[in-house]
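What follows is a single structure, and I will ask about it in a moment.
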Amino acid sequence: MNGTRTAIVIGAGIGGLTTAIALRRVGFDVEVFERAPELRAAGFGLSVMSNATAALATLDIDLGLEKRGRVMETYHVKDWKGRLIREFPFPEITRRIGVPCVCISRADLLAALLDAAADIPVALDSAAERFEVAGDRARVRFADGRWAEADLLVGADGFNSAIRRQIAGPDEPVRDSGYIAWLGITEYSHPRFAPGSVVHLWGDGMRFGLVDIGRGRLYWWGTKNMPFAESSTWDGGKAGVLDAYSGWPDEVREAIRVTPPEDLLTLNTRDRPFLRPWGTGPVTLLGDAAHPMLTSLGQGSAMAMEDAAVLAQHLRDAPDVPSGLRGYEAARYDRTRMIVEATRSISDFEQSQGPVRRRVRDAYFRWMSHRNLVGKLEPALTFPGAGLPGAGLPGAGAGAGR
């Protein structure tokens with residue numbers, strides 16, 4: 001493509017900002033529009049997996065996340081009494097790949113992205129309502145009546161994407177996870193929690209995660225099986241979370257105890273049936289707007305970052321925007337679909353409830369051969385490249401953070 005092309009990115013979250021940075025690298029003039037009146041990350045964390053960092057490196061993008069978060073050094077899965085089920089070989093795999101997994105707060109990741117996108121305009125309080133395709137260009141109407149127009153429109157506006165709604169229709173179903181999730185970030189130190197650790201504990205229809213995100217801070221999350229009608233109205237607060245984990249190890253209960261009540265987040269996790277196609281003409285989707293997923297593989301942000309890198313590379317090499325977008329979509333459908341499906345399958349398995357299912361779950365991971373476990377985990381951590389539609393995904397595995 002010759003000449004300077006223009007792009008509109010809807011959404012200034014992880015996917016949207018990464019997309020803006022990547023598109024600028026391949027010569028686009030980019031403007032980002034965000035519905036929120038300010039850029040503020042909710043108080044929880046995530047793992048930026050090796051595949052995400054490797055994808056950005058193909059465009060010479062380095063966010064310097066190791067300075068802002070904490071490299072994962074160990075990963076242990078235990079039962080609800082604190083007894084080891086299995087040490088997972090994430091650090092072994094990432095050393096072989098040559099790219100670490102970094103555990104980080106969402107606020108720190110957002111700050112890194114904003115630094116990298118410092119010269120890209122971001123318009124706040126700009127809620128997209130609908131788009132139009134006019135010839136080879138896209139136009140977006142915002143809630144306040146404004147319009148914006150560009151050669152390319154990327155909907156990176158999350159689970160409730162206005163751009164996706166126009167492509168998929170307003171009655172697209174939502175799939176609940178079947179459990180409630182509690183999240184928190186706090187200053188933390190405990191003799192049974194080593195620096196650089198990720199620890200997951202599995203109980204009866206419940207889980208708890210402890211994740212070191214650097215500088216003496218802990219990101220923790222807990223889940224409990226609960227019907228949507230109950231989880232969507234749950235208001236038990238910090239006392240209710242402590243009560244749910246009565247009898248669990250002290251390192252779990254201490255994480256909850258020291259978290260300020262205002263830093264406790266309660267939510268329902270959801271996904272949607274896989275959507276195809278993602279776009280039309282000069283319009284496409286990316287990240288959660290394209291393929292919302294549950295959190296058990298810790299790959300939500302990583303898939304958005306992979307999307308951004310693949311999108312930019314296809315647009316750089318394509319003769320025109322629509323063919324570049326269709327190439328990007330074709331290259332991403334299989335991998336993202338497998339991640340979405342694997343994540344739901346793993347989530348259901350890890351949330352096993354009842355004595356038989358729980359014992360089967362724990363025994364499955366305890367006795368799996370090392371080679372087999374590595375084979376299930378490594379493909380998700382390996383960026384397959386801009387043009388490869390595949391890369392195998394684990395049929396069952398363990399979450400790498402949220």
Side-chain angles (χ1 to χ4, degrees), residues 13-15 44-52 55 72 75 77 88 90 93 101 103 106 158-159 161 164 172-181 183 198 200 202 205-209 211 219 221-225 228 231 267-276 278 285-307 332-353 357 361 364-365 368 373 375-384 389-402:
I14 293 169
F44 55 98
L46 48 85
S47 301
V48 178
M49 309 305 281
S50 299
N51 48 300
M72 183 194 301
Y75 188 114
V77 175
F88 279 76
F90 283 101
I93 295 168
C101 292
C103 303
R106 188 170 289 265
F159 189 90
S161 166
R164 178 184 176 118
E172 188 183 16
V174 172
R175 302 186 300 188
D176 183 59
S177 65
Y179 53 82
I180 195 170
L183 316 173
V198 173
H200 288 193
W202 294 347
M206 298 178 65
R207 291 177 290 159
F208 198 91
V211 183
Y219 163 56
W221 55 267
T223 62
K224 179 178 174 62
N225 288 350
F228 178 76
S231 66
L267 53 82
N268 307 103
T269 55
R270 303 171 296 167
D271 66 5
R272 295 184 188 273
F274 194 81
L275 175 68
R276 184 169 180 172
W278 291 349
L285 299 172
L286 182 144
D288 283 350
H291 43 73
M293 61 187 67
L294 301 182
T295 54
S296 288
L297 270 175
Q299 282 285 346
S301 60
M303 286 298 106
M305 291 176 165
E306 281 193 12
D307 286 349
R332 296 300 291 162
Y333 284 141
D334 286 353
R335 179 163 169 83
T336 55
R337 180 194 288 272
M338 284 188 288
I339 287 281
V340 169
E341 293 176 354
T343 300
R344 176 160 280 274
S345 174
I346 291 162
S347 179
D348 291 344
F349 193 44
E350 291 182 353
Q351 288 290 133
S352 290
Q353 189 165 5
R357 282 180 54 85
R361 174 199 63 193
Y364 175 84
F365 289 106
M368 184 187 299
L373 184 56
K376 288 182 177 295
L377 297 174
E378 187 164 347
L381 295 171
T382 306
F383 175 55
L393 271 298
R402 302 182 76 77

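What you see below is based on every heavy atom in this structure, not just the backbone, and it leaves out hydrogens, waters and symmetry mates. Along the sequence shown, residues are numbered consecutively beginning with 1.
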Legend entry - Side-chain donor or acceptor of Y333 paired with backbone N/O of W278 under 3.5 Å: yes
Legend entry - Heavy-atom closest contact (L46 atom, S301 atom, distance):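 Smallest heavy-atom distance, with atoms named: CD1-OG, 4.0 Å.
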Inset, instruction - Look only at the side chain of T382 and the backbone of E378, and say whether a donor-acceptor pair between them is shorter than 3.5 Å. - result: yes
Legend entry - 4.5 Å side-chain heavy-atom contact, F365 and V77: no
Legend entry - Interatomic spacing from CG in L297 to CD1 in I346 - rounded to 0.5 Å: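 L297 atom CG to I346 atom CD1 measures 4.0 Å (nearest 0.5 Å).
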Legend entry - Under 3.5 Å donor-acceptor, R361 side chain and F349 backbone: no
Inset, instruction - Verify side-chain contact (heavy atoms from CB on, under 4.5 Å) between L381 and C101, making sure each step is shown before the conclusion. - result: CA-CA 9 Å; L381 295 171; C101 292; 4.1 Å; yes
Inset, instruction - Of all the heavy-atom pairs spanning D307 and G287, show the shortest one and how long it is. - result: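 Shortest heavy-atom contact: OD2-N, 3.0 Å.
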Inset, instruction - Please check if the side chain of R335 supplies one atom and the backbone of A380 the other of a donor-acceptor pair under 3.5 Å. - result: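 The answer is yes, because a donor-acceptor pair under 3.5 Å joins these two groups.
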Inset, instruction - Please lay out, stage by stage, how Q299 and T343 fare under the test side-chain hydrogen bond (donor to acceptor under 3.5 Å, both in side chains). - result: CA-CA 9 Å; Q299 282 285 346; T343 300; over 6 Å; no
Legend entry - Close side-chain approach of N51 and M303, heavy atoms under 4.5 Å: yes
Legend entry - Side chain to side chain, F90 and S50, heavy atoms closer than 4.5 Å: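 They are not in side-chain contact.
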Legend entry - Any donor-acceptor pair under 3.5 Å from D176 side chain to N268 backbone: no
Inset, instruction - Step by step, work out the side-chain contact (heavy atoms from CB on, under 4.5 Å) result for Y219 and L183. - result: CA-CA 8 Å; Y219 163 56; L183 316 173; 3.7 Å; yes
Inset, instruction - May I have the step-by-step check of side-chain contact (heavy atoms from CB on, under 4.5 Å) for F274 and T336, ending in yes or no? - result: CA-CA 9 Å; F274 194 81; T336 55; 3.5 Å; yes
Legend entry - N/O donor-acceptor pair under 3.5 Å between R272 side chain and F159 backbone: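 Yes, R272 side chain to F159 backbone: donor-acceptor pair under 3.5 Å.
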Legend entry - Expected output: side-chain R164 to main-chain A289 donor-acceptor under 3.5 Å: yes
Inset, instruction - Measure the spacing between CZ of R106 and CD1 of I14 and express it to the nearest 0.5 Å. - result: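 Spacing of CZ (R106) from CD1 (I14) equals 4.0 Å.
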Legend entry - Expected output: side-chain R344 to main-chain M293 donor-acceptor under 3.5 Å: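 A pair under 3.5 Å: no.
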Inset, instruction - Verify side-chain contact (heavy atoms from CB on, under 4.5 Å) between H291 and R337, making sure each step is shown before the conclusion. - result: CA-CA 7 Å; H291 43 73; R337 180 194 288 272; over 6 Å; no
Legend entry - Value rounded to 0.5 Å, distance of CE in M206 from CD in Q351: 9.0 Å
Inset, instruction - Any chance you could measure T223, atom OG1, to L294, atom CG, to the nearest 0.5 Å? - result: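 Answer for the OG1-CG pair, T223 versus L294, is 11.0 Å.
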Inset, instruction - Locate the shortest heavy-atom distance separating C103 from S47; write the atom from each residue and the value. - result: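 That closest heavy-atom pairing would be SG-OG, 3.7 Å.
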Legend entry - Side chain S177, main chain T269, donor-acceptor under 3.5 Å: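 Yes; judged by distance alone, with no hydrogens or angles, the pair exists.
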Inset, instruction - For the residue pair H200 and W221, categorise the inter-ring angle as parallel (less than 30°), tilted (30 to 60°) or perpendicular (more than 60°). - result: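 Answer is perpendicular, since the angle exceeds 60°.
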Legend entry - Separation of N225 CG from D348 CG (nearest 0.5 Å):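 So the gap between those two atoms works out to 9.0 Å.
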Legend entry - Gap between atom OH of Y364 and atom OG of S352 - 0.5 Å precision: 12.0 Å
Legend entry - Residue pair S296 / Y179: nearest heavy atoms and the distance that separates them: OG-OH, 4.3 Å
Inset, instruction - Please name the pair of heavy atoms, one in R175 and one in P273, separated by the smallest distance, quoted to 0.1 Å. - result: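 Here R175 and P273 meet closest at NE-N, 3.8 Å.
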Legend entry - Minimum-distance pair of heavy atoms, taken over all atoms of L285 and S161: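 So the two residues come closest at CD2-OG, 4.2 Å.
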Legend entry - Heavy-atom donor-acceptor pair, E306 side chain to A52 backbone, under 3.5 Å: no
